[in-house]
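Excluded from the calculations below are hydrogen atoms, water molecules and symmetry mates; all remaining heavy atoms, backbone and side chain alike, are included. So you know, we letter chains A, B, ... as the sequences are listed, proteins then strands, and number each from 1.
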There are 2 protein chains.
Amino acid sequence: MSNLPERLRERGWRLTAQRRVVAEVLTGDHVHLTADEVHTRASRQLPEIGRATVYNILNDLVALGEIREVSTDDRAKRYDPNAHRPHHHLICTGCGTIRDVHPTADPTTTLPAPARLGFTITTTEITYRGLCPTCTHP
Amino acid sequence: MSNLPERLRERGWRLTAQRRVVAEVLTGDHVHLTADEVHTRASRQLPEIGRATVYNILNDLVALGEIREVSTDDRAKRYDPNAHRPHHHLICTGCGTIRDVHPTADPTTTLPAPARLGFTITTTEITYRGLCPTCTHP
DNA sequence: CTGGCTGCAAAAGATTTGCATAACG
DNA sequence: CGTTATGCAAATCTTTTGCAGCCAG
């Protein structure tokens, strides 16, 4: 698996400093940042980077399938760089922490035909909600 | 299962015209309206109803567990009145239609212990995405 | 009566858009 | 060099808040 900047260049993207920094911020597991958080962190390495630019880059990366939007309960969308290994999310209703879950003993995600209502299903997204270890034992 | 206005009165709610109308708008299966759509429909029956009032009522109903927020890809949250029979959602990536799916042959939603990362899971939410019959056969 | 609702308008938060300038390839 | 991306500010959209008056119980 090649790294992100490399893949982007292959897709004909101009490799700008802004894009490189955003790609760098969006790296790792259990990373689910809001656009604003991405902007803040990117600013530490590239102080002149504009908010709108961050939004542009995030939208482009989503359109390319390189990152995924994660809908939480907050107003702000969060972005998940781990778009290539399909996984689900565990959200703590106490502190808001989001963790990735990689289906090991895969919970059956296939919907039985009669329940499919004629849809052609392409993706299945599972969100587990509950309390994380820290919030469970206060 | 008693109807909504009745249950609300039992919980000490003042039964106002606004609340009755919002409750009425939020009735049925496959209903997933945005706050603005709820306001528009409610206005047809009660022209003076204010947008803020609709938001207040929706938030209260969510807090009481009478309706559920549905996170979609749009900016605006949607509200699902069907909070008592647990179910999942089928979203058409073509036209945005959302349909309820009641787990018949229940897809295993229990996460194996090692994958749980110490969380105490209370709810599982599945979102299937794909094309609805209409968008599949254009 | 009286505290809990409502409506309005203004504020706050998140994201998008328009346009002149900068810089990748 | 010619596009294409950036940065800034203003515009948009969604939701929340503050406050005076109204009404269900």
Quick one: [X] [atom1] to [N] [atom2], roughly how many Å, whole number?
X     : N      : atom1 : atom2 : value
A/I57 : D/dT6  : CD1   : C1'   : 9 Å
A/E69 : C/dT16 : CD    : C1'   : 14 Å
A/R20 : C/dC24 : CZ    : C1'   : 10 Å
B/W13 : C/dG4  : CH2   : C1'   : 12 Å
B/R19 : C/dC5  : CZ    : C1'   : 6 Å
B/L15 : C/dG4  : CG    : P     : 17 Å
B/L46 : D/dC23 : CG    : C1'   : 14 Å
A/L58 : D/dA5  : CG    : P     : 15 Å

Polar atom pairs (N or O), protein with nucleotides 8-15 of chain D, under 3.5 Å:
from	atom 1	to	atom 2	distance (Å)
D/dT15	OP1	B/K77	N	3.0
D/dT15	OP2	B/Y55	OH	2.7

What orientation do B/H87 and B/H102 show, parallel under 30°, tilted 30 to 60°, or perpendicular over 60°?
tilted

Between B/T16 and C/dT6, is there a side-chain N or O to OP1/OP2 distance below 4.0 Å?
yes

Any B/Q18 side-chain nitrogen or oxygen under 4.0 Å from OP1 or OP2 of D/dC23:
no

Scan side-chain atoms only and decide if B/N82 and B/H30 contain a donor-acceptor pair under the 3.5 Å cut-off.
no

Verify the distance criterion only: is there a donor paired with an acceptor across the side chains of B/D80 and B/H89 at less than 3.5 Å?
yes

Which is more 5' along DNA chain D, the nucleotide nearest A/D60 or the one nearest B/N56? Just name the residue.
A/D60

Under a single-linkage definition using a 4.5 Å side-chain heavy-atom cutoff for Ile, Leu, Val, Met, Phe, Trp and Tyr, are B/V22 and B/Y55 assigned to the same hydrophobic cluster?
no

Side-chain donor/acceptor pairs under 3.5 Å, residues 34-43 of chain A, sequence neighbours excluded:
from	atom 1	to	atom 2	distance (Å)
A/T34	OG1	A/E37	N	3.1
A/D36	OD1	A/R51	NH1	2.9
A/E37	OE1	A/T34	N	2.9
A/E37	OE1	A/R78	NH1	3.1
A/H39	NE2	A/I49	O	3.0
A/T40	OG1	A/D36	O	3.0
A/S43	OG	A/H39	O	2.7

How does the hydrophobic cluster around B/I91 look, that is, which other residues are in it when side-chain heavy atoms under 4.5 Å mark a link?
B/I98

So, under a plain 3.5 Å distance rule, would you say the side chain of B/R14 forms a donor-acceptor pair with the base of C/dG4?
yes

Is a side-chain N or O of B/R19 found less than 3.5 angstrom from the main chain of B/L8, in a donor-acceptor match?
no

